[in-house]
Amino acid sequence: MTIKTAGIGFPVKKSKSPLIYTYWAHMYGLDFSYDLCEWPPEDLEKNIHSLLARGYRGFSVTIPHKTRVFDLCDETDDTARAMRAVNSVTIKDGKLFGTNTDGYGFAANITENVGINCFTGVAAVLGAGGAARAVLHALLSRGVPEIRLCNRTLEKAEDLASHSPQKIKVFDWQHREAMLDGVQLLVNTTSLGMDGAPPLDLTLQHLPKTAVVNDIVYYPLNTQLLQTARGRGNATVGGIGMLLHQARPSFKNWTGIDPEVTLDLQKKVLA
Ligand code: ATR
C-alpha cells in the first residue's frame with residue numbers, strides 16, 4: 001500500500017520537499033507519495049481532516065501554518081511545545097502527532113560537518129525570526145553555556161531571550177561585530193546575504209579563528225559570510241544541510257527508515 005504524505009503551506013510551490021522525500025523513497029525502494037498542498041489559512045482545518053479521511057501517514061508544514069497546526073494536533077512533543085510551532089505531523093489511529101524538526105536539522109548539520117565540540121562554548125546568533133527560534137532552542141537543549149543574540153529589531157531579540165534570560169544576552173545590531181569576541185560558534189539566521197537580499201555587513205575581526213561559522217542561507221550555497229570566514233581560516237558549515245537534515249525525522253516517522261543525506265541529494269536540491 002502506498003505511504004501517502006503531503007507538504008502543506010501557503011505558498012508552497014517552490015518547496016524542495018517533494019524532491020527530497022521522493023529521492024529517499026526511490027533510494028529505499030518504497031511505494032510512497034508526497035503531494036504539495038497550497039492551502040489558504042481559512043481552509044486548513046477542513047483540508048487536514050480530509051487527509052485523515054484519505055489515509056495519509058503524515059505531512060510536513062511550512063509558513064504560515066506552523067502555529068495553527070500546533071493548535072490542531074492531538075499530541076505534541078517537548079520540542080514542538082517549546083516552540084509552539086509544528087513543522088511535521090505523523091498520523092496514527094486517526095490522531096495528529098506534531099513535532100518540530102527545524103532545530104534538529106540545524107544541530108545535525110553542524111554535528112555532521114564539524115562534530116559536537118562547538119556546542120560547548122559561547123554561541124552568537126544573528127536574527128530573531130522563526131529560524132532563530134529553532135536555532136536557539138537547539139543550542140539551549142544541547143547545553144550551550146551562553147548565547148549572544150543580535151537582531152536589527154531589538155525588541156524581537158529581547159522577546160526570544162526572555163524565555164532564557166540567564167543564558168541569552170541581547171546585543172544591539174550596531175554591536176554585532178564586538179559581540180563576536182571569544183565566540184565558538186557564529187550562526188546567521190537572517191536573510192541577509194541571500195540572493196535578492198542585501199548583503200550581510202559583517203567583518204569577522206573579533207571572531208576567534210577557532211570558531212565555526214554557519215550560515216543558514218543556502219542560495220547561494222557559498223555566501224559572502226562563509227567565504228570571508230573560510231578566507232581567515234574558520235571552519236564553515238553551509239545552510240543546505242539544515243534543510244536536508246530537518247526532513248530526516250519526518251521521513252523516519254512516516255516510513256520507519258532514517259534516511260541518509262547524500263552528496264548526490266545535496267547536488268540535486270541545489271540544481
Ligand atoms: P525566518 O523565519 O526565515 O527566520 P523571518 O522571521 O522573516 O524569517 O526573519 C528574518 C530575519 O532577518 C529577522 O531577524 C530580520 O530582522 P528584523 O527582525 O529586524 O526584521 C532579519 N533581516 C531581514 N532583513 C534585514 C536587514 N535588511 N537588516 C538586518 N536584518 C534583517
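All values reported here derive from a predicted model rather than from experimental measurement. Indexing begins at 1, ligand by ligand and atom by atom, following the structure's order.
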Who's the nearest protein heavy-atom neighbour of [atom], and how far?
{"atom": "atom 19 (O) of ligand 1", "result": "Thr153 OG1, 2.5 Å"}
{"atom": "atom 16 (O) of ligand 1", "result": "Asn151 OD1, 3.2 Å"}
{"atom": "atom 29 (C) of ligand 1", "result": "Leu192 CD1, 3.4 Å"}

In ligand 1, which numbered atoms sit nearer than 4.0 Å to a non-hydrogen atom of [X]?
{"X": "Lys156", "answer": "17 (P), 18 (O), 20 (O)"}
{"X": "Trp173", "answer": "29 (C)"}
{"X": "Gly129", "answer": "4 (O), 6 (O), 9 (O), 14 (O)"}

| query | Testing Asn214, Val217, Leu204 for side-chain contact (heavy atoms from CB on, under 4.5 Å) with Leu225, which one passes? | reply | Leu204
Short N/O distance, under 3.5 Å, between [X] and ligand 1?
{"X": "Thr190", "value": "no"}
{"X": "Ala131", "value": "yes"}
{"X": "Arg152", "value": "yes"}
{"X": "Gly127", "value": "no"}

| field | Donor-acceptor contact present, side-chain Trp254 to main-chain Val89, <3.5 Å | value | yes
| task | Look at the side chain of Gln184 and the backbone N and O of Asn117, then say whether any donor-acceptor pair between them is shorter than 3.5 Å. | result | yes
| Mutual orientation of the aromatic rings belonging to Tyr34 and Tyr21 [parallel < 30°, tilted 30-60°, perpendicular > 60°] | tilted
| task | Look at atom NZ of Lys252 and say whether more than 12 heavy atoms of other residues, nucleotides or ligands are closer to it than 6.0 Å. | result | no
[X] with [Y]: basic N within carboxylate O range, under 4.0 Å:
{"X": "Lys268", "Y": "Asp264", "result": "yes"}
{"X": "Arg248", "Y": "Glu260", "result": "no"}
{"X": "Asp102", "Y": "Lys66", "result": "yes"}
{"X": "Glu146", "Y": "Arg148", "result": "yes"}

| message | Can you confirm whether some protein heavy atom lies under 4.0 Å from atom 26 (C) of ligand 1, or whether none does? | response | yes
| field | Protein non-hydrogen atom found under 4.0 Å from atom 14 (O) of ligand 1 | value | yes
| message | Please compare Gly130, Ala132, Ser191 and report which has the shortest non-hydrogen distance to atom 2 (O) of ligand 1. | response | Gly130
